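As the structure lists them, so they are numbered: ligands from 1, and atoms in each ligand from 1. Residue numbers start at 1 and run along the sequence shown. Just so we're clear, the structure is a prediction, and the values are computed from it rather than from any experiment.
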Amino acid sequence: MQIITTVSELQSRLNLFRIKKGKIGFVPTMGALHRGHTSLIRKSVSENMVTVCSIFVNPSQFDDKKDLDKYPRTLEKDSAMLKAVGCDIVFAPSVEEVYPPDLLVALNIDFGSLDKTMEGAFRIGHFKGMSEVVKRFLDIVQPDNLYMGQKDFQQYSIVKNMIEQLGLPVRIVSCPIIREIDGLAMSSRNIRLSPEGRIKAAKISKILFEARKNAETLPLDEVKRIALAQFSNNSYSVDYFSIVDTHTLEEVQNLEDANQVVLCTTIRVDGVRLLDNIILK
Ligand code: AMP
């Protein structure tokens with residue numbers, strides 16, 4: 001496995017694979033890796049000749065400077081994990097390498113409702129920064145396949161939409177949420193939880209699993225009411241708890257209102273924003 005920090009070195013390395021007509025798989029991350037991330041790498045390794053994992057904490061997608069400063073940076077440990085699962089190239093560029101002074105990165109894509117609901121309402125500018133950096137990385141890596149986690153459902157939906165709108169020649173693959181044994185969705189931010197917060201966090205997925213069961217028999221407003229009561233009885237801070245059409249990310253009243261329905265939530269525990277979701281239909 002190679003660790004590369006410049007665009008030119010990465011591109012000349014990848015050209016060797018392109019000449020051989022080998023498929024290139026790409027997994028963008030912000031590092032502080034866990035088994036959720038390595039599941040994406042494994043999937044890419046199984047489907048491509050070469051797998052590139054980028055590690056880049058993108059300043060433009062952080063609306064909160066403190067969150068950016070506190071974001072864990074663990075390149076050495078990350079590299080060892082990536083090597084163990086067969087990743088071929090770690091691309092860990094500097095901010096200057098990703099954003100050279102004269103490069104135009106602004107995209108001005110209209111994502112319709114996709115970037116306005118849920119996370120979009122809480123993290124102003126987040127999806128603009130995220131979509132622009134993913135586009136920048138797609139331009140650099142030019143992968144055949146792009147692997148993203150269902151864990152960040154809205155992020156996946158926006159990137160998929162961007163690929164469609166710009167007609168980019170890449171296939172996007174959504175990978176299932178990897179959870180801790182107690183059900184908590186793995187996240188680089190989980191290490192910030194206190195021992196009590198960690199126990200509290202584990203209950204989030206239990207409430208979601210119960211909501212999915214309830215949705216089999218109860219109307220969705222009742223499903224929501226029961227779940228929100230459980231959160232409020234245990235004094236969780238709920239940013240949103242939305243049952244949405246996977247295509248528009250707009251709220252649905254009934255499961256019949258859309259072909260595919262997902263329940264997305266963000267709950268704050270110890271000031272840490274924990275995202276989770278579950279497909280209802
Ligand atoms: P991040 O570094 O947290 O921005 O995540 C990089 C990629 O890993 C994104 O596509 C995430 O959706 C994905 N990811 C993060 N956590 C998980 C998880 N628990 N299970 C599956 N994929 C995940």
Side-chain angles (χ1 to χ4, degrees), residues 25-47 51-64 67-68 70-75 77-79 81-82 85 87 90-93 98 118-119 123 126-138 141 143 145-163 170-193 198 201-202 204-205 208-209 246 249 262 264-267 272-279:
F26 176 49
V27 181
T29 80
M30 298 204 298
L33 303 183
H34 48 68
R35 278 196 294 111
H37 299 110
T38 52
S39 72
L40 274 59
I41 302 289
R42 285 176 196 274
K43 176 86 173 148
S44 173
V45 168
S46 73
E47 294 184 349
T51 290
V52 180
C53 175
S54 65
I55 296 183
F56 180 65
V57 183
N58 176 36
S60 79
Q61 72 189 66
F62 284 80
D63 48 336
D64 178 356
D67 194 25
L68 171 64
K70 276 193 287 185
Y71 206 86
R73 288 156 170 91
T74 55
L75 183 59
K77 183 165 166 268
D78 292 346
S79 304
M81 284 179 79
L82 290 171
V85 290
C87 181
V90 181
F91 180 48
V98 177
M118 305 194 288
E119 286 301 296
R123 302 187 66 188
H126 168 66
F127 286 127
K128 181 171 163 56
M130 181 283 294
S131 53
E132 287 172 356
V133 81
V134 172
K135 171 67 167 55
R136 170 81 176 118
F137 276 107
L138 290 176
V141 180
N145 297 305
L146 167 68
Y147 298 85
M148 301 195 78
Q150 183 204 314
K151 157 87 180 358
D152 299 277
F153 196 89
Q154 193 167 12
Q155 168 172 281
Y156 164 78
S157 303
I158 289 171
V159 172
K160 183 165 175 284
N161 185 268
M162 174 180 81
I163 288 169
V170 60
R171 166 178 162 256
I172 183 166
V173 181
S174 165
C175 302
I177 302 176
I178 304 297
R179 298 178 179 280
E180 302 285 357
I181 290 169
D182 60 12
L184 176 64
M186 288 192 171
S187 163
S188 309
R189 292 187 167 91
N190 291 351
I191 52 168
R192 283 201 226 146
L193 295 166
R198 177 65 187 73
I204 298 170
S205 64
L208 292 196
F209 290 132
T246 58
L249 303 187
V262 60
C264 298
T265 190
T266 289
I267 310 284
V272 183
R273 298 185 75 247
L274 301 171
L275 281 69
D276 205 344
N277 66 76
I278 193 160
I279 304 283

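In the vicinity of M148, heavy-atom distances shorter than 4.0 Å reach the ligand 1 atoms 10 (O). The distance from ligand 1 to the heavy atoms of P28 drops below 4.0 Å at these ligand atoms: 6 (C), 7 (C). For ligand 1, the atoms lying closer than 4.0 Å to a non-hydrogen atom of P176 are 20 (N), 21 (C). Here is the list of ligand 1 atoms found below 4.0 Å of a heavy atom in G149: 9 (C), 10 (O), 11 (C), 12 (O), 13 (C), 22 (N).
The nearest protein atom to atom 1 (P) of ligand 1, hydrogens excluded, is given as H37 NE2, 3.6 Å; this is a heavy-atom distance. What sits closest to atom 23 (C) of ligand 1 on the protein, heavy atoms only, is K151 CB, 3.9 Å. Nearest protein heavy-atom contact of atom 12 (O) of ligand 1 is D152 OD2, 2.6 Å. If you check which protein heavy atom lies closest to atom 4 (O) of ligand 1, you get M30 CG, 3.9 Å. I178 N, 2.9 Å is the protein heavy atom nearest to atom 20 (N) of ligand 1.
Of the possible donor and acceptor atoms, one in the side chain of N277 sits under 3.5 Å from a partner among the backbone N and O of Q150. Between the side chain of D276 and the backbone N or O of T265 there is no donor-acceptor pair closer than 3.5 Å.
Contact check on E132 versus K128 returns a salt bridge, with a Lys/Arg side-chain nitrogen under 4.0 Å from an Asp/Glu carboxylate oxygen.
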